[in-house]
Student: 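Mind looking over this structure? Questions follow.
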Number of protein chains: 2
Amino acid sequence: MRAKPLPAETRRAVTVEAVIELAAERDPGEITTAAIASHMKLTQGALFRHFPSKDAIWEAVMEWVAERLLARVDRAAAQAASPVAALQAVFHTHVDFVTEHPGVPRMLFGELQRAEATPAKRLARTLLERYGERIRRLLEAGKAAGEVSAALDIEAAATLFVGTLQGLIMQSMLAGDLLRIRRDAPRVFAIYLAGIRSAT
Amino acid sequence: MRAKPLPAETRRAVTVEAVIELAAERDPGEITTAAIASHMKLTQGALFRHFPSKDAIWEAVMEWVAERLLARVDRAAAQAASPVAALQAVFHTHVDFVTEHPGVPRMLFGELQRAEATPAKRLARTLLERYGERIRRLLEAGKAAGEVSAALDIEAAATLFVGTLQGLIMQSMLAGDLLRIRRDAPRVFAIYLAGIRSAT
DNA sequence: CGCTTTAGTGAGTAATTGCTCACTATCTTA
DNA sequence: TAAGATAGTGAGCAATTACTCACTAAAGCG
(Lines give C-alpha, C1' and ligand atoms only; values in the text may rest on other atoms or scores of the structure.)
Protein backbone atom coordinates (compact mmCIF):
# COMPACT_ATOMS: atom_id res chain seq x y z
CA MET A 1 0.00 0.00 0.00
CA ARG A 2 1.31 3.40 -0.92
CA ALA A 3 2.14 5.73 1.96
CA LYS A 4 0.15 8.91 2.25
CA PRO A 5 2.25 11.85 1.10
CA LEU A 6 3.13 14.18 3.94
CA PRO A 7 4.55 17.71 3.72
CA ALA A 8 8.32 17.55 3.85
CA GLU A 9 8.62 19.11 7.27
CA THR A 10 6.10 16.75 8.79
CA ARG A 11 7.79 13.77 7.21
CA ARG A 12 11.10 14.82 8.67
CA ALA A 13 9.53 15.10 12.11
CA VAL A 14 7.97 11.66 11.77
CA THR A 15 11.35 10.30 10.75
CA VAL A 16 13.01 11.67 13.85
CA GLU A 17 10.33 10.11 16.02
CA ALA A 18 10.76 6.79 14.27
CA VAL A 19 14.47 6.79 15.00
CA ILE A 20 13.91 7.61 18.66
CA GLU A 21 11.39 4.81 18.95
CA LEU A 22 13.71 2.34 17.29
CA ALA A 23 16.60 3.36 19.52
CA ALA A 24 14.50 2.36 22.52
CA GLU A 25 14.73 -1.28 21.58
CA ARG A 26 17.90 -1.77 19.62
CA ASP A 27 21.49 -0.61 19.45
CA PRO A 28 21.49 2.79 17.71
CA GLY A 29 24.48 1.75 15.68
CA GLU A 30 22.47 -1.03 14.14
CA ILE A 31 19.54 1.09 13.04
CA THR A 32 19.54 0.98 9.26
CA THR A 33 17.78 3.33 6.89
CA ALA A 34 15.69 0.34 5.81
CA ALA A 35 14.59 -0.23 9.41
CA ILE A 36 13.68 3.43 9.85
CA ALA A 37 11.66 3.45 6.66
CA SER A 38 9.84 0.24 7.41
CA HIS A 39 9.01 1.44 10.91
CA MET A 40 7.24 4.44 9.44
CA LYS A 41 5.71 2.36 6.66
CA LEU A 42 7.66 3.94 3.89
CA THR A 43 10.07 2.67 1.31
CA GLN A 44 13.69 3.25 2.01
CA GLY A 45 14.23 5.42 -1.04
CA ALA A 46 11.65 7.93 0.17
CA LEU A 47 13.85 8.82 3.16
CA PHE A 48 16.47 10.31 0.90
CA ARG A 49 14.00 12.74 -0.52
CA HIS A 50 13.95 14.40 2.89
CA PHE A 51 17.47 13.86 4.12
CA PRO A 52 20.61 14.04 1.99
CA SER A 53 22.27 11.23 3.96
CA LYS A 54 21.89 8.99 6.95
CA ASP A 55 24.20 11.26 8.90
CA ALA A 56 21.76 14.08 8.29
CA ILE A 57 19.02 12.00 9.88
CA TRP A 58 21.12 11.53 12.99
CA GLU A 59 21.86 15.20 13.05
CA ALA A 60 18.15 15.99 13.05
CA VAL A 61 17.57 13.49 15.82
CA MET A 62 20.27 14.97 18.01
CA GLU A 63 18.82 18.43 17.44
CA TRP A 64 15.45 17.17 18.56
CA VAL A 65 16.96 15.66 21.70
CA ALA A 66 19.05 18.69 22.60
CA GLU A 67 16.17 21.11 22.19
CA ARG A 68 13.62 19.13 24.13
CA LEU A 69 15.87 18.02 26.95
CA LEU A 70 17.36 21.43 27.63
CA ALA A 71 13.98 23.14 27.38
CA ARG A 72 12.37 20.79 29.87
CA VAL A 73 15.29 20.95 32.23
CA ASP A 74 15.34 24.73 32.12
CA ARG A 75 11.63 24.92 32.76
CA ALA A 76 11.95 22.62 35.74
CA ALA A 77 14.83 24.59 37.18
CA ALA A 78 13.07 27.90 36.76
CA GLN A 79 10.08 26.81 38.78
CA ALA A 80 12.08 25.61 41.74
CA ALA A 81 12.24 27.58 44.96
CA SER A 82 15.94 27.20 45.66
CA PRO A 83 19.12 26.04 43.93
CA VAL A 84 19.07 22.63 45.54
CA ALA A 85 15.38 22.25 44.80
CA ALA A 86 16.23 23.15 41.21
CA LEU A 87 18.92 20.46 41.09
CA GLN A 88 16.43 17.95 42.32
CA ALA A 89 13.84 19.10 39.80
CA VAL A 90 16.38 18.85 36.98
CA PHE A 91 17.30 15.39 38.12
CA HIS A 92 13.76 14.12 38.11
CA THR A 93 12.89 15.86 34.88
CA HIS A 94 15.84 14.15 33.28
CA VAL A 95 14.72 10.82 34.68
CA ASP A 96 11.22 11.40 33.33
CA PHE A 97 12.58 12.31 29.93
CA VAL A 98 14.67 9.20 29.81
CA THR A 99 11.85 6.89 30.81
CA GLU A 100 9.66 8.47 28.17
CA HIS A 101 12.38 8.14 25.55
CA PRO A 102 14.63 5.25 26.53
CA GLY A 103 16.45 5.45 23.23
CA VAL A 104 17.88 8.86 24.02
CA PRO A 105 20.67 7.98 26.44
CA ARG A 106 21.71 5.11 24.21
CA MET A 107 21.97 7.41 21.23
CA LEU A 108 23.84 10.06 23.16
CA PHE A 109 26.36 7.63 24.47
CA GLY A 110 26.57 5.91 21.11
CA GLU A 111 27.33 9.18 19.38
CA LEU A 112 30.11 9.99 21.81
CA GLN A 113 31.70 6.65 20.98
CA ARG A 114 32.01 7.47 17.31
CA ALA A 115 35.50 8.04 16.07
CA GLU A 116 34.76 10.44 13.21
CA ALA A 117 33.60 13.94 14.07
CA THR A 118 30.13 13.81 12.58
CA PRO A 119 27.75 16.74 13.05
CA ALA A 120 25.62 14.51 15.25
CA LYS A 121 28.56 13.88 17.52
CA ARG A 122 29.27 17.58 17.74
CA LEU A 123 25.67 18.19 18.75
CA ALA A 124 25.85 15.51 21.42
CA ARG A 125 28.94 17.13 22.84
CA THR A 126 27.54 20.63 22.97
CA LEU A 127 24.37 19.29 24.54
CA LEU A 128 26.33 17.69 27.35
CA GLU A 129 28.51 20.72 27.74
CA ARG A 130 25.55 23.04 28.05
CA TYR A 131 23.95 20.61 30.45
CA GLY A 132 27.01 20.57 32.64
CA GLU A 133 27.16 24.35 32.56
CA ARG A 134 23.64 24.57 33.97
CA ILE A 135 24.47 22.14 36.75
CA ARG A 136 27.57 24.07 37.69
CA ARG A 137 25.59 27.29 37.82
CA LEU A 138 23.01 25.74 40.13
CA LEU A 139 25.74 24.35 42.35
CA GLU A 140 27.37 27.77 42.58
CA ALA A 141 24.03 29.31 43.50
CA GLY A 142 23.55 26.61 46.09
CA LYS A 143 26.90 27.43 47.56
CA ALA A 144 26.06 31.13 47.68
CA ALA A 145 22.76 30.31 49.40
CA GLY A 146 24.50 28.10 51.91
CA GLU A 147 22.54 25.07 50.73
CA VAL A 148 25.61 23.07 49.81
CA SER A 149 29.00 22.84 51.40
CA ALA A 150 31.10 25.96 50.96
CA ALA A 151 34.08 23.73 50.26
CA LEU A 152 32.36 21.83 47.45
CA ASP A 153 34.39 21.13 44.32
CA ILE A 154 31.87 22.39 41.76
CA GLU A 155 33.40 20.76 38.72
CA ALA A 156 33.64 17.37 40.38
CA ALA A 157 30.11 17.69 41.70
CA ALA A 158 28.81 18.40 38.20
CA THR A 159 30.61 15.34 36.86
CA LEU A 160 29.10 13.29 39.63
CA PHE A 161 25.64 14.65 38.91
CA VAL A 162 25.80 13.41 35.35
CA GLY A 163 27.38 10.18 36.54
CA THR A 164 24.53 9.65 38.93
CA LEU A 165 22.11 9.66 36.04
CA GLN A 166 24.47 7.57 33.96
CA GLY A 167 24.68 4.97 36.70
CA LEU A 168 20.91 4.71 36.90
CA ILE A 169 20.61 4.30 33.17
CA MET A 170 23.27 1.64 33.11
CA GLN A 171 21.67 -0.22 35.97
CA SER A 172 18.35 -0.27 34.19
CA MET A 173 19.97 -1.46 30.99
CA LEU A 174 21.52 -4.27 32.98
CA ALA A 175 18.19 -5.24 34.48
CA GLY A 176 16.42 -4.68 31.18
CA ASP A 177 13.84 -2.77 33.17
CA LEU A 178 13.37 0.89 32.44
CA LEU A 179 10.88 1.50 35.22
CA ARG A 180 13.55 0.59 37.70
CA ILE A 181 15.06 4.01 37.13
CA ARG A 182 11.99 5.71 38.52
CA ARG A 183 12.14 3.61 41.67
CA ASP A 184 15.85 4.06 42.28
CA ALA A 185 16.27 7.67 41.25
CA PRO A 186 15.21 9.32 44.51
CA ARG A 187 17.30 6.92 46.58
CA VAL A 188 20.43 7.59 44.57
CA PHE A 189 19.84 11.31 44.49
CA ALA A 190 19.53 11.35 48.26
CA ILE A 191 23.08 10.08 48.59
CA TYR A 192 24.32 12.60 46.05
CA LEU A 193 22.62 15.35 48.00
CA ALA A 194 24.19 14.23 51.24
CA GLY A 195 27.52 14.34 49.43
CA ILE A 196 27.32 17.88 48.15
CA ARG A 197 25.94 19.10 51.45
CA SER A 198 28.70 17.72 53.59
CA ALA A 199 31.70 17.57 51.26
CA THR A 200 34.85 19.10 52.60
CA MET B 1 55.21 -10.42 3.88
CA ARG B 2 53.92 -13.60 5.39
CA ALA B 3 53.08 -13.49 9.09
CA LYS B 4 55.09 -15.66 11.37
CA PRO B 5 52.99 -18.65 12.42
CA LEU B 6 52.11 -18.58 16.09
CA PRO B 7 50.74 -21.40 18.25
CA ALA B 8 46.95 -21.23 18.25
CA GLU B 9 46.66 -20.17 21.85
CA THR B 10 49.16 -17.38 21.46
CA ARG B 11 47.45 -16.17 18.32
CA ARG B 12 44.16 -16.01 20.13
CA ALA B 13 45.72 -13.96 22.92
CA VAL B 14 47.26 -11.58 20.40
CA THR B 15 43.88 -11.22 18.75
CA VAL B 16 42.22 -10.23 22.00
CA GLU B 17 44.90 -7.63 22.61
CA ALA B 18 44.46 -6.26 19.12
CA VAL B 19 40.73 -5.79 19.68
CA ILE B 20 41.29 -4.02 22.97
CA GLU B 21 43.80 -1.71 21.36
CA LEU B 22 41.49 -0.94 18.49
CA ALA B 23 38.59 -0.25 20.84
CA ALA B 24 40.67 2.48 22.43
CA GLU B 25 40.45 4.62 19.34
CA ARG B 26 37.29 3.69 17.54
CA ASP B 27 33.70 2.71 18.18
CA PRO B 28 33.73 -1.00 19.08
CA GLY B 29 30.71 -1.55 16.89
CA GLU B 30 32.72 -0.49 13.89
CA ILE B 31 35.66 -2.80 14.46
CA THR B 32 35.67 -5.19 11.53
CA THR B 33 37.45 -8.50 11.28
CA ALA B 34 39.52 -6.95 8.51
CA ALA B 35 40.60 -4.16 10.86
CA ILE B 36 41.53 -6.63 13.57
CA ALA B 37 43.54 -8.75 11.16
CA SER B 38 45.36 -5.80 9.63
CA HIS B 39 46.18 -4.43 13.07
CA MET B 40 47.96 -7.65 13.91
CA LYS B 41 49.49 -7.86 10.44
CA LEU B 42 47.55 -10.90 9.38
CA THR B 43 45.12 -11.64 6.61
CA GLN B 44 41.50 -11.65 7.51
CA GLY B 45 40.99 -15.28 6.63
CA ALA B 46 43.58 -16.36 9.20
CA LEU B 47 41.41 -15.09 12.03
CA PHE B 48 38.78 -17.68 11.30
CA ARG B 49 41.25 -20.45 11.81
CA HIS B 50 41.32 -19.49 15.48
CA PHE B 51 37.78 -18.27 16.07
CA PRO B 52 34.64 -19.80 14.59
CA SER B 53 32.96 -16.40 14.26
CA LYS B 54 33.34 -12.74 15.06
CA ASP B 55 31.03 -13.17 18.03
CA ALA B 56 33.47 -15.71 19.41
CA ILE B 57 36.22 -13.10 19.24
CA TRP B 58 34.11 -10.71 21.27
CA GLU B 59 33.38 -13.43 23.72
CA ALA B 60 37.09 -14.04 24.24
CA VAL B 61 37.65 -10.32 24.69
CA MET B 62 34.95 -10.00 27.31
CA GLU B 63 36.40 -12.98 29.15
CA TRP B 64 39.76 -11.30 29.18
CA VAL B 65 38.25 -8.10 30.55
CA ALA B 66 36.15 -9.79 33.22
CA GLU B 67 39.04 -11.87 34.51
CA ARG B 68 41.58 -9.08 34.67
CA LEU B 69 39.32 -6.41 36.06
CA LEU B 70 37.83 -8.53 38.82
CA ALA B 71 41.20 -9.98 39.75
CA ARG B 72 42.80 -6.58 40.10
CA VAL B 73 39.88 -5.14 41.96
CA ASP B 74 39.84 -8.06 44.37
CA ARG B 75 43.53 -7.79 44.98
CA ALA B 76 43.22 -4.08 45.71
CA ALA B 77 40.32 -4.65 48.09
CA ALA B 78 42.10 -7.42 49.95
CA GLN B 79 45.10 -5.25 50.77
CA ALA B 80 43.06 -2.41 52.21
CA ALA B 81 42.92 -1.79 55.93
CA SER B 82 39.21 -1.05 56.21
CA PRO B 83 36.02 -1.32 54.15
CA VAL B 84 36.07 2.32 53.11
CA ALA B 85 39.76 2.12 52.31
CA ALA B 86 38.91 -0.90 50.20
CA LEU B 87 36.23 1.03 48.33
CA GLN B 88 38.72 3.73 47.60
CA ALA B 89 41.30 1.21 46.48
CA VAL B 90 38.77 -0.45 44.18
CA PHE B 91 37.85 2.91 42.76
CA HIS B 92 41.39 3.87 41.94
CA THR B 93 42.26 0.43 40.65
CA HIS B 94 39.33 0.67 38.30
CA VAL B 95 40.43 4.11 37.18
CA ASP B 96 43.94 2.79 36.55
CA PHE B 97 42.60 -0.14 34.59
CA VAL B 98 40.51 2.13 32.44
CA THR B 99 43.32 4.54 31.68
CA GLU B 100 45.52 1.60 30.74
CA HIS B 101 42.81 0.14 28.54
CA PRO B 102 40.56 2.94 27.36
CA GLY B 103 38.75 0.62 25.01
CA VAL B 104 37.32 -1.43 27.85
CA PRO B 105 34.53 0.83 29.10
CA ARG B 106 33.50 1.52 25.53
CA MET B 107 33.23 -2.17 24.80
CA LEU B 108 31.36 -2.91 27.99
CA PHE B 109 28.84 -0.21 27.39
CA GLY B 110 28.63 -1.13 23.74
CA GLU B 111 27.86 -4.73 24.58
CA LEU B 112 25.10 -3.76 26.95
CA GLN B 113 23.50 -1.78 24.15
CA ARG B 114 23.20 -4.81 21.91
CA ALA B 115 19.70 -6.05 21.34
CA GLU B 116 20.45 -9.73 20.76
CA ALA B 117 21.61 -11.82 23.71
CA THR B 118 25.10 -12.70 22.48
CA PRO B 119 27.47 -14.61 24.75
CA ALA B 120 29.59 -11.47 24.94
CA LYS B 121 26.65 -9.51 26.25
CA ARG B 122 25.95 -12.16 28.84
CA LEU B 123 29.55 -11.95 30.00
CA ALA B 124 29.36 -8.17 30.26
CA ARG B 125 26.26 -8.46 32.38
CA THR B 126 27.65 -11.02 34.77
CA LEU B 127 30.82 -8.97 35.10
CA LEU B 128 28.85 -5.92 36.16
CA GLU B 129 26.67 -7.96 38.45
CA ARG B 130 29.62 -9.49 40.19
CA TYR B 131 31.23 -6.08 40.42
CA GLY B 132 28.14 -4.62 42.05
CA GLU B 133 28.02 -7.51 44.45
CA ARG B 134 31.51 -6.74 45.66
CA ILE B 135 30.68 -3.09 46.15
CA ARG B 136 27.59 -3.94 48.14
CA ARG B 137 29.56 -6.28 50.36
CA LEU B 138 32.13 -3.58 51.09
CA LEU B 139 29.40 -1.09 51.84
CA GLU B 140 27.77 -3.53 54.25
CA ALA B 141 31.10 -4.08 55.97
CA GLY B 142 31.58 -0.33 56.14
CA LYS B 143 28.24 0.01 57.80
CA ALA B 144 29.08 -2.70 60.32
CA ALA B 145 32.36 -0.97 61.08
CA GLY B 146 30.62 2.37 61.52
CA GLU B 147 32.59 3.88 58.64
CA VAL B 148 29.51 4.79 56.64
CA SER B 149 26.10 5.99 57.69
CA ALA B 150 24.01 3.34 59.41
CA ALA B 151 21.02 4.54 57.41
CA LEU B 152 22.76 4.14 54.06
CA ASP B 153 20.74 2.61 51.21
CA ILE B 154 23.26 -0.01 50.11
CA GLU B 155 21.74 -0.78 46.75
CA ALA B 156 21.51 2.88 45.78
CA ALA B 157 25.03 3.50 47.00
CA ALA B 158 26.33 0.67 44.81
CA THR B 159 24.54 2.10 41.79
CA LEU B 160 26.05 5.47 42.54
CA PHE B 161 29.52 3.97 42.89
CA VAL B 162 29.35 2.56 39.38
CA GLY B 163 27.76 5.77 38.15
CA THR B 164 30.61 7.76 39.62
CA LEU B 165 33.05 5.84 37.47
CA GLN B 166 30.71 6.04 34.51
CA GLY B 167 30.47 9.81 34.87
CA LEU B 168 34.24 10.15 34.87
CA ILE B 169 34.56 8.01 31.79
CA MET B 170 31.91 9.96 29.98
CA GLN B 171 33.48 13.25 30.93
CA SER B 172 36.81 12.12 29.57
CA MET B 173 35.20 10.92 26.36
CA LEU B 174 33.66 14.34 26.02
CA ALA B 175 36.97 16.06 26.50
CA GLY B 176 38.75 13.48 24.39
CA ASP B 177 41.32 13.35 27.15
CA LEU B 178 41.79 10.12 28.99
CA LEU B 179 44.27 11.49 31.49
CA ARG B 180 41.60 13.79 32.75
CA ILE B 181 40.09 10.84 34.58
CA ARG B 182 43.15 10.47 36.74
CA ARG B 183 43.01 14.12 37.74
CA ASP B 184 39.29 14.18 38.49
CA ALA B 185 38.86 10.79 40.09
CA PRO B 186 39.94 11.67 43.64
CA ARG B 187 37.84 14.83 43.63
CA VAL B 188 34.71 13.03 42.54
CA PHE B 189 35.29 10.17 44.92
CA ALA B 190 35.61 12.61 47.80
CA ILE B 191 32.05 13.78 47.21
CA TYR B 192 30.82 10.21 46.94
CA LEU B 193 32.51 9.42 50.21
CA ALA B 194 30.93 12.39 51.94
CA GLY B 195 27.60 11.12 50.63
CA ILE B 196 27.81 7.60 51.98
CA ARG B 197 29.18 8.84 55.27
CA SER B 198 26.41 11.29 55.98
CA ALA B 199 23.41 9.84 54.12
CA THR B 200 20.23 9.59 56.15
C1' DC C 1 66.16 -35.34 6.35
C1' DG C 2 61.32 -36.49 5.08
C1' DC C 3 56.62 -36.45 6.68
C1' DT C 4 52.75 -34.89 9.21
C1' DT C 5 50.50 -31.24 11.45
C1' DT C 6 49.58 -26.58 12.00
C1' DA C 7 49.02 -21.84 10.56
C1' DG C 8 48.73 -18.12 6.92
C1' DT C 9 47.28 -16.59 2.17
C1' DG C 10 44.32 -14.51 -1.04
C1' DA C 11 40.74 -14.97 -4.02
C1' DG C 12 36.47 -15.72 -3.65
C1' DT C 13 30.89 -15.46 -2.00
C1' DA C 14 26.47 -14.18 -0.29
C1' DA C 15 24.29 -10.86 2.36
C1' DT C 16 23.67 -6.26 3.80
C1' DT C 17 23.95 -1.28 3.56
C1' DG C 18 23.62 3.59 2.07
C1' DC C 19 22.20 5.84 -1.78
C1' DT C 20 20.28 6.94 -6.83
C1' DC C 21 16.89 7.44 -10.24
C1' DA C 22 13.25 6.98 -13.68
C1' DC C 23 8.68 6.59 -13.03
C1' DT C 24 4.07 7.24 -10.73
C1' DA C 25 0.61 8.90 -7.53
C1' DT C 26 -1.12 12.67 -4.94
C1' DC C 27 -1.62 17.49 -3.62
C1' DT C 28 -2.04 22.47 -4.58
C1' DT C 29 -3.46 26.32 -6.89
C1' DA C 30 -4.39 29.34 -10.73
C1' DT D 1 -10.16 21.12 -13.74
C1' DA D 2 -5.69 21.30 -15.92
C1' DA D 3 -0.86 21.72 -14.87
C1' DG D 4 3.02 22.02 -12.19
C1' DA D 5 5.03 20.85 -7.87
C1' DT D 6 5.73 17.60 -4.36
C1' DA D 7 6.27 13.07 -2.36
C1' DG D 8 6.50 7.81 -2.69
C1' DT D 9 7.96 3.52 -5.27
C1' DG D 10 10.92 -0.17 -6.33
C1' DA D 11 14.56 -1.84 -8.93
C1' DG D 12 19.23 -1.62 -8.86
C1' DC D 13 24.29 -0.18 -7.86
C1' DA D 14 28.70 0.00 -5.58
C1' DA D 15 30.89 -0.70 -1.37
C1' DT D 16 31.48 -3.24 2.70
C1' DT D 17 31.20 -7.23 5.72
C1' DA D 18 31.59 -11.84 7.84
C1' DC D 19 32.95 -16.04 6.41
C1' DT D 20 34.97 -20.16 3.21
C1' DC D 21 38.36 -22.83 0.98
C1' DA D 22 41.99 -24.76 -1.93
C1' DC D 23 46.58 -24.04 -1.73
C1' DT D 24 51.23 -23.03 0.41
C1' DA D 25 54.74 -22.18 3.89
C1' DA D 26 56.55 -23.19 8.27
C1' DA D 27 57.17 -25.98 12.59
C1' DG D 28 57.70 -30.11 14.99
C1' DC D 29 59.21 -34.75 15.24
C1' DG D 30 60.68 -39.54 14.11
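Order of the sequence lines fixes the chain letters, A, B, ..., with proteins taken first and strands second; residue numbering starts at 1 for each chain.
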Student: Tell me whether the rings of B/H92 and B/F189 are parallel (<30°), tilted (30 to 60°) or perpendicular (>60°).
Tutor: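 If you compare the ring of B/H92 with that of B/F189, the planes turn out tilted.
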Student: Could you tell me whether the phosphate oxygens of C/dT17, OP1 or OP2, come under 4.0 Å of any side-chain nitrogen or oxygen in A/T33?
Tutor: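 Indeed not, no polar side-chain atom of A/T33 lies that close.
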Student: Apply salt bridge (charged side-chain N to carboxylate O under 4.0 Å, His left out) to B/R114 and list each qualifying residue two or more places apart in sequence or on a separate chain.
Tutor: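 Residues passing salt bridge (charged side-chain N to carboxylate O under 4.0 Å, His left out) with B/R114: A/E30, B/E111, B/E116.
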Student: Hey, could you give me the OG1/NE2 distance between B/T99 and B/H94, rounded to the nearest 0.5 Å?
Tutor: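 One gets 10.0 Å once the value is rounded to the nearest 0.5 Å.
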Student: Rounded off to whole Å, could you give me the CD1-to-C1' distance for the B/I36 and C/dG8 pair?
Tutor: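 So the CD1-C1' distance, B/I36 to C/dG8, works out to 17 Å.
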Student: What residues in residues 4-24 of chain B put a non-hydrogen atom under 4.0 Å from any atom of DNA chain C?
Tutor: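 The stretch gives B/K4, B/P5, B/L6, B/P7, B/A8, B/R11 as the residues lying under 4.0 Å from the strand, ordered by number.
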Student: Could you check whether B/R137 pairs with B/E133 (Lys NZ or Arg NE/NH1/NH2 to Asp/Glu carboxylate O, under 4.0 Å)?
Tutor: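 A salt bridge is present here (some side-chain N lies under 4.0 Å from a carboxylate O).
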Student: So which of residues 40-55 of chain A are in contact with DNA chain C, with a heavy-atom cut-off of under 4.0 Å?
Tutor: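 DNA chain C contact set from residues 40-55 of chain A: A/Q44, A/G45, A/F48, A/R49, A/S53, A/K54.
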Student: Name all residues meeting the side-chain contact (heavy atoms from CB on, under 4.5 Å) criterion together with B/R187; count only those two or more places apart in sequence or in a different chain, and write none if there are none.
Tutor: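 Per chain and number, B/R187 pairs via side-chain contact (heavy atoms from CB on, under 4.5 Å) with A/D153, A/E155, A/A156, B/R183, B/D184.
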Student: Is it the case that C/dT26 (base atoms only) and A/R2 (side chain only) share a donor and an acceptor within less than 3.5 Å, ignoring hydrogens and angles?
Tutor: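 It does not, because no donor-acceptor pair links the side chain of A/R2 to the base of C/dT26 below 3.5 Å.
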Student: If I take atom CD in residue A/E30 and atom P in nucleotide D/dT17, what distance separates them, rounded to the nearest angstrom?
Tutor: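 That distance rounds to 14 Å.
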Student: For the residue pair A/Y131 and A/F161, categorise the inter-ring angle as parallel (less than 30°), tilted (30 to 60°) or perpendicular (more than 60°).
Tutor: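 Rings of A/Y131 and A/F161: tilted, as their planes differ by 30° to 60°.
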Student: Is there a donor-acceptor pair closer than 3.5 Å between any side-chain N or O of B/Q113 and the backbone N or O of A/P28?
Tutor: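 No.
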Student: Using five pairs at each end of the helix from C/dC1-D/dG30 to C/dA30-D/dT1 to define an axis, what is the angle between those two axes, to 10°?
Tutor: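 Inter-axis angle at the termini of the helix from C/dC1-D/dG30 to C/dA30-D/dT1: 10°.
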Student: Rounded to the nearest 0.5 Å, what's the gap from OG1 on A/T43 to CZ on A/R2? Could you check?
Tutor: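 Result: 8.5 Å between the selected atoms.
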Student: Could you grab the distance from atom CZ of B/R12 to atom CG of B/L6, nearest 0.5 Å is fine?
Tutor: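 Rounded to the nearest 0.5 Å, the CZ-CG separation comes out at 12.0 Å.
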Student: For the pair made of CD1 in B/I57 and C1' in D/dT17, what is the distance, rounded to whole Å?
Tutor: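 Atom CD1 in B/I57 sits about 13 Å away from atom C1' in D/dT17.
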Student: For B/Q166, check side-chain contact (heavy atoms from CB on, under 4.5 Å) against everything at least two apart and list the hits.
Tutor: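 A/F109, A/Q166, A/M170, B/F109.
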Student: Quick check: closest heavy atoms across A/A115 and A/K121, and the distance to 0.1 Å?
Tutor: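 Shortest heavy-atom contact: O-NZ, 4.0 Å.
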